[in-house]
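All heavy atoms count here, side chains included; hydrogens, waters and symmetry mates do not. Everything numeric in this text was worked out from a predicted model, so none of it was measured. Position 1 is the first residue of the sequence; numbering continues from there.
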Amino acid sequence: MTDYSLARVTTGEFARAVSSGAPLVILLPVGSVEPHGPHLGLLTDTIISQASAQVAARVLEAQGTTVFIAPAVPYGVTDFAAGFKGAISIPASILTAYLEAVAKGFLDNGAAHVCLVNNHLEPGHYQAILAAAQRFAAGQCSVACPLSRRWARTLSEEFKRGECHAGRYETALMLAAEPGSVRREIQASLPEVPISLSDSIKAGVRRFTEMGMDSAYAGAPALATEEEGRELLERLATMIVAEVTEGMAQRTAVTKPQP
């Protein structure tokens, strides 16, 4: 399997990618450091972003695009998890400024497009990422996130109900992305917690503990399978590819010389 990580790319290889004639796209995974029940690790959202970016990179390369996956940004706005150990939150303004600076750095180095791939679903975090992308000219920076209504409808029924924090949806994704990190004996024993985060947020609730998520998860993690996780990774990759493709088309339309 091709490794698209920038970790092993030299400066010469980056320069050749920029000058090759094919557009260079940077996928920048974004996540969080926060609790995901007793069965998943603190970096769950970040790992899902990285794994979906890897699947998307293969598709984009097959379409003739040069792709690198940048080092992930694992810290985000995680205020909802306050009170749980391991919840590390940063201010939205800092996240926006940091993502803007990183994306600008890649664009200044010759990348044609930067896609911010996010799977941490806290609204304030998502808005901070959107704010970073909006600071660039049309087609330079996009956001691929399942919180967008366009993509939410393509995901699982549990996700659509809003029971999507460390439940069946995210547990399945982790079984596909990093199976060794899932505490399977604990996963199999967990009862369903039918709490909709989206409904709670609409009602003005802003903490997991206030929603009744005493173990920092909602949904039915015991029902998750690796097979479902692989299918969900493909769906997330489809989202990324579409956002990149549309962003690149917009960039071409903006930069195309007028007759």
Q: Is the side chain of Ser52 donor-acceptor paired with the backbone N or O of Ser49 at a distance under 3.5 Å, no angle test?
A: yes
Q: Going by the side-chain contact (heavy atoms from CB on, under 4.5 Å) test, name the single residue among Leu6, Leu99, Ile69 that passes it with Leu28.
A: Leu99
Q: Test of understanding: with salt bridge (charged side-chain N to carboxylate O under 4.0 Å, His left out), list the residues that count as partners of Glu61, not counting sequence neighbours.
A: none
Q: Report the residues that fulfil salt bridge (charged side-chain N to carboxylate O under 4.0 Å, His left out) with Glu246, sequence neighbours left out, ordered by chain and then residue number.
A: Arg150
Q: Shortest non-hydrogen contact from Ala166 to Ala216?
A: CB-O, 4.1 Å
Q: Using modelled atom types only, decide if a donor and an acceptor are shared between the side chain of Ser189 and the backbone of Ile186 within a distance under 3.5 Å.
A: yes
Q: If I take atom CG from residue Leu173 and atom CD1 from residue Ile48, how far apart are they, to the nearest 0.5 angstrom?
A: 4.5 Å
Q: So which heavy atom on Gly219 is nearest to which on Pro221, and how close?
A: O-CD, 3.4 Å
Q: Between Val143 and Glu243, is the side-chain contact (heavy atoms from CB on, under 4.5 Å) condition met? List the steps.
A: CA-CA 7 Å; Val143 176; Glu243 294 289 355; over 6 Å; no
Q: When you measure from the side chain of His125 to the backbone of Thr78, do you find a donor-acceptor pair of N or O atoms at a distance under 3.5 Å?
A: no
Q: Inspect the contact between Glu100 and Arg135 and indicate whether a charged nitrogen and a carboxylate oxygen are less than 4.0 angstrom apart.
A: yes
Q: Under a 4.5 Å cut-off applied to non-hydrogen side-chain atoms, are Leu95 and Tyr75 in contact?
A: no
Q: Report yes if the side chains of Pro38 and Arg183 come closer than 4.5 Å at any heavy-atom pair, otherwise no.
A: no
Q: Quick check against the 3.5 Å criterion: does Arg149 have a side-chain atom that pairs as donor or acceptor with the backbone of Leu147?
A: no
Q: Say whether, by atom type as modelled, one donor and one acceptor occur between the side chain of Gln250 and the main chain of Gln140 under 3.5 angstrom.
A: no
Q: Hey, is the main chain of Ala17 close enough, under 3.5 Å, to the side chain of Ser20 for a donor-acceptor pair?
A: yes
Q: How far apart are the closest heavy atoms of Pro35 and Ala87, and which atoms are they?
A: CD-CB, 3.9 Å
Q: Identify the two heavy atoms, one from Ser32 and one from Glu34, that lie closest to each other, and give their separation to 0.1 Å.
A: OG-CG, 3.4 Å
Q: If you count the non-hydrogen atoms of other residues, nucleotides and ligands that lie under 6.0 Å from OH in Tyr98, is the total more than 12?
A: no
Q: Would a distance-only check, ignoring hydrogens and angles, find a side-chain to backbone donor-acceptor pair under 3.5 Å from His120 to Val30?
A: no
Q: Does the Thr96 side chain pair with the main chain of Ala128, one donor and one acceptor, at a distance under 3.5 Å?
A: yes
Q: When rounded to the nearest 0.5 angstrom, what is the spacing between CG in Leu43 and OG in Ser181?
A: 10.0 Å
Q: Would you indicate whether the side-chain heavy atoms of Thr2 and Arg58 approach each other to under 4.5 Å?
A: no
Q: Does any non-hydrogen side-chain atom of Leu236 lie less than 4.5 Å from one of Leu155?
A: yes
Q: To check you understand the geometry: which heavy-atom pair defines the closest contact between Cys145 and Trp151, and what is its length?
A: O-CD1, 4.1 Å
Q: For Asp45, which of His36, His165, Gln50 qualifies under side-chain hydrogen bond (donor to acceptor under 3.5 Å, both in side chains)?
A: His36
Q: Might you point out which heavy atoms bring Leu175 and Glu226 nearest each other, and give the distance in Å?
A: O-CG, 3.5 Å
Q: Using the test salt bridge (charged side-chain N to carboxylate O under 4.0 Å, His left out), find all partners of Glu163 that sit at least two apart in sequence or belong to another chain.
A: Arg161
Q: Do any N or O atoms from the side chain of Arg235 and from the backbone of Thr154 form a donor-acceptor pair under 3.5 angstrom?
A: yes
Q: Here's a test for you: under side-chain contact (heavy atoms from CB on, under 4.5 Å), which of Ile201, Leu197, Leu121 qualifies with Phe80?
A: Ile201
Q: Could you give the distance from CG (Leu116) to OH (Tyr126), rounded to the nearest 0.5 Å?
A: 11.0 Å
Q: Distance check, rounded to the nearest 0.5 Å: Leu60 atom CG versus Thr245 atom OG1?
A: 6.0 Å
Q: Any side-chain to backbone donor/acceptor pair from Lys160 onto Arg153? Under 3.5 Å, distance only.
A: yes
